[in-house]
Amino acid sequence: MSIEYHSDQEFYRHKKIEELIKQGVQPYGDKYKVTHSSQEISTEFAALEGKQTSTAGRIMTKRGHGKAGFAHIQDSQGRIQVYARQDNIGENDYKFFQSLDIGDIIGVTGEVFKTRTGEITINISSFRLLSKALRPLPEKWHGLKDTELRYRQRYLDLIVNPEVRKVFIIRSKVIQYIREYLTKKGFLEVETPVMHNIAGGATARPFITHHNALDIDLYMRIATELHLKRLVVGGMEKVFELGRIFRNEGISTNHNPEFTTVEVYQTNADYEDMMKLTEELIASAAQEILGTTKISYQGRKLDLSLPWRRKSLLEIVKEITGVDFSNIANDAEARKIALQHGLEIEGNEKKGEITFTFFEKYCEDKLWDPTFIKDYPVEVSPLARRSRDNPQFTDRFETFIAGKEVANAFTELIDPLDQRERFEQQVKKRTAGDEEAHMMDEDFLTALEYGMPPTGGLGIGIDRVIMVLTDSPSIRDVILFPTMRPL
RNA sequence: GGGCCAUUAGCUCAGGCGGCAGAGCACCUGACUUUUAAUCAGGGUGUCCCAGGUUCGAAUCCUGGAUGGCUCACCA
């Protein structure tokens, strides 16, 4: 067997393993009986001082002093210092201890004490090698900085950059909080298919996969919306799904091809109710998990306190660009305005689409403190109900925090005839080459034709919310294994 | 896809004008029984991202490519 060494350090570590095996020591051991975590030893020091304690972890630092030595071992809770003396463990074991490398995982047992300098430490009476590290860890002081390596080898990032662990602990807490919040309010959590015959519920290009036995192509879901609404038709009056969705799009600091959403549907509710739900959910999550709603993001203050600002799309566009689309009579006039503002147009855009483009291009990134932008043109909202006072608009809102879209919600369109017309409009765009336009979903229309109760629906982009709550500049910082090009 | 930038030791990074490949940590050898970025003495461990080109001579200059970051476009 030939082993390829990546460095001289690996060569030495392989040699040490051979030596250990020769001496009958198992370099990859059995479970160790742990009585306390590193953190428990610190917090319960008063009770533990002078008592025997067992803990286990990865060696992160090591300092030898002749016939005694110190090391820090790290577990999921933090670090604890250990102290080994030849007097206590004998010459053989002390030699073994000295031969351990940074990165090795060991179990230690000994008395807890405080050193001269006041650090809580375990005075080792016995220890065991649990797992030998063949590769050296990144540097102890600077950690691992190379972003590519951090994402590709997240385990190293987690070992040497403690703040990374904190981000993912917050992520876990946020998801748990959302689940508990909705469950307590009587929502039922469900799981719907990830592989779809028709990719619907959002404007996006899907990934395609193949089922061999059925010999059919399937789409990875781009939203959970249409299945959840089928469940509402089926009588699930309060329902939600937390899960991964997939969009075959570019990658950026705000986009990862697979990301996590929570979609919520509630009967006899409308988009106003969904606004309240959104702001309450996110603000209370911040209060509960971070202890405050006044946070900062990328060096700038960000106030999540209630209530959040509400503004109509037309208002914000007028405010920021000076263009009042309510005064624009038709599609042709809207296209003229677009040209004047330097937008590229094809010539068949509808007024609503241009209004929306104005918003996306000129307004979105200026919405810092949480803002609900409401009342979207019907052309860009094929699943939302028309507004009662103006059928060219829908009862829909999107939520923006720190310039990022974090939620999208509406009073659901439950009229199967209007829904069919909307799908037909989308199919036209699709036929004209728009790969993101919705597909016709007859099965969904059939469900609507059985009658769906008035319903409010909401989708939240979990990853972006977590970016905001953890002050992370890139979505890759809140996804453990972001999509990367293979090497 | 366009623009800008980066890629040098296991890690973090230096390397004006082209002239023997560098530092800190880590590692190896030795000393040291309460240290803590331990200390002291000694040791440089390398496909300078890859492939061409210019040149007596390329980490350095030129061309092409790879990967990543930022950004614009695309896209919620």
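All chains are named by letter (A, B, ...) in the order of the sequence lines, taking the proteins before the strands, and each is independently numbered beginning at 1.
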Distance in angstrom units between A:Y83 OH and B:A38 C1', rounded: 13 Å
Kindly say whether A:G103 contributes a backbone atom to a donor-acceptor pair with the side chain of A:D101 at under 3.5 angstrom? no
Are A:Y271 and A:D375 linked by a side-chain donor-acceptor pair shorter than 3.5 Å? yes
Mind checking if A:A202 touches a base, just sugar-phosphate, or nothing, with heavy atoms under 4.0 Å? nothing
Within 6.0 Å of NZ in A:K311, more than 12 heavy atoms from elsewhere: yes
Side chains of A:H72 and A:T61 only: does a donor on one sit below 3.5 Å from an acceptor on the other? yes
Under 4.0 Å: is that the gap between some side-chain N or O of A:K62 and OP1 or OP2 of B:A37? no
Measuring only the P atom in each nucleotide, how far is B:G64 from B:C4? A whole number of Å is fine. 12 Å
Base, sugar-phosphate or nothing for A:Q86? Non-hydrogen atoms, less than 4.0 Å. nothing
Please determine, for the side chain of A:R152, which listed nucleotide (B:U67, B:U33, B:U35) has the closest atom? B:U67
In terms of ring plane angle, is the pair A:F358 and A:Y362 parallel, tilted or perpendicular, where the classes change at 30° and 60°? perpendicular
Ignoring hydrogens and geometry beyond distance, is the side chain of A:Q81 in donor-acceptor contact with the base of B:U35 at under 3.5 Å? yes
Quick one: sort the A:F400 and A:F359 rings into parallel, tilted or perpendicular, breaks at 30° and 60°. perpendicular
Taking B:A26, B:C75, B:G68 as options, the one with an atom nearest any side-chain atom of A:I102 is B:A26
Pairwise P distance for B:A59 and B:A51, with rounding to whole Å: 13 Å
Residue whose nearest RNA chain B nucleotide is more 5′ - A:P473 or A:R396: A:P473
Nearest-angstrom distance, P atom, B:G44 to B:U29: 15 Å
Which part of the nucleic acid, if any, lies within contact of A:R150, taking any heavy atom under 4.0 Å across all strands shown: a base, the sugar-phosphate backbone alone, or nothing? nothing
Are A:S381 and A:F410 close enough that some pair of their side-chain heavy atoms sits under 4.5 Å apart? no
Between A:S37 and A:D75, do the side chains contain a donor N or O and an acceptor N or O under 3.5 Å apart? no
Determine the interatomic distance between P on B:A26 and the same-named atom on B:U39; round to the nearest Å. 8 Å
For A:R135, which contact category applies under a 4.0 Å heavy-atom criterion: base, sugar-phosphate, or nothing? nothing
Under 4.0 Å between any heavy atoms, over every strand shown, what does A:R63 touch: base, sugar-phosphate, or nothing? Just pick one. base
My understanding is that a pair needs two contacts under 3.5 Å, Watson-Crick or G-U wobble. By that rule, which nucleotide pairs with B:C70? B:G3
Beyond-backbone contact of A:M195 with A:Y219, side-chain heavy atoms, under 4.5 angstrom: no
Whole-Å distance, A:F246 CZ to B:C75 C1', equals 18 Å
Please report the distance separating the P of B:C11 from the corresponding atom of B:G53, rounded so that it comes out in whole Å. 30 Å
Should A:R485 be listed as having a side-chain N or O under 4.0 Å from OP1 or OP2 of B:G68? yes
Paired with B:C11 by Watson-Crick or G-U wobble geometry, both distances under 3.5 Å: which nucleotide is it? B:G24
Using the C1' atom as the reference point in each nucleotide, state the distance between B:C61 and B:U54 in Å, no decimals. 8 Å
Opposite nucleotide pairing with B:U63, Watson-Crick or G-U, both atom distances under 3.5 Å: B:A51
Is the ring pair A:F423/A:H438 parallel, tilted or perpendicular, if the boundaries are 30 and 60 degrees? tilted
Select from A:R13 and A:Y151 the residue whose nearest nucleotide in RNA chain B is closer to the 5' end of that strand. A:R13
Per-nucleotide protein contact string for nucleotides 10-15 of chain B, where B marks a base within reach and S marks sugar-phosphate only (heavy atoms under 4.0 Å, - for neither): BBSS--
Side chains of A:S126 and A:I89: closer than 4.5 Å at any heavy-atom pair? no
Sugar-phosphate, base or nothing in reach of A:Y12, heavy atoms under 4.0 Å: sugar-phosphate
Any chance the side chains of A:D477 and A:Y151 put a donor and an acceptor closer than 3.5 Å? yes
Tell me yes or no: between the side chains of A:T253 and A:S474, is some donor less than 3.5 Å from an acceptor? no
Between A:R85 (CZ) and B:U35 (P), how many Å, whole number? 12 Å
Give A:F356 one of three labels, base, sugar-phosphate or nothing, depending on what nucleic acid heavy atoms sit under 4.0 Å from its own. base
Assign A:T253 to base, sugar-phosphate, or nothing according to its heavy-atom contacts below 4.0 angstrom with the strands shown. sugar-phosphate
To the nearest angstrom, how far is A:W141 atom CH2 from B:A37 atom P? 7 Å
What is the distance, rounded to the nearest whole Å, between atom CG of A:N256 and atom P of B:C75? 19 Å
Between B:G1 atom P and A:N248 atom CG, what is the distance in whole Å? 14 Å
Which base sits across from B:C40 as a Watson-Crick or G-U pair, both distances under 3.5 Å? B:G30
Using atom NE2 of A:H72 as one end and atom P of B:U34 as the other, report the distance to the nearest whole Å. 16 Å
Take atom C1' in B:A38 and the same atom in B:C32, then report the distance between them in whole Å. 11 Å
Whole angstrom value for the distance that separates C1' of B:U34 from CD1 of A:I122: 15 Å
Distances under 3.5 Å only, N/O to N/O: pair up the protein atoms with those of nucleotides 30-32 of chain B.
{"from": "B:C32", "atom 1": "N3", "to": "A:G66", "atom 2": "N", "distance (Å)": "3.1"}
{"from": "B:C32", "atom 1": "N4", "to": "A:G66", "atom 2": "N", "distance (Å)": "3.4"}

When all nucleic acid strands are considered with a 4.0 Å heavy-atom cut-off, which category describes A:K361: base, sugar-phosphate, or nothing? sugar-phosphate
Mind running a 4.0 Å heavy-atom check of residues 373-382 of chain A against RNA chain B and sending the residues that fall below it, in number order? none
Do A:H196 side-chain atoms and A:P193 backbone N/O form a donor-acceptor pair below 3.5 Å? yes
Using the P atom as the point on both nucleotides, what is the distance between B:G16 and B:C74, in whole Å? 41 Å
The single option from A:V164, A:L149, A:L137 passing side-chain contact (heavy atoms from CB on, under 4.5 Å) against A:L156: A:L137
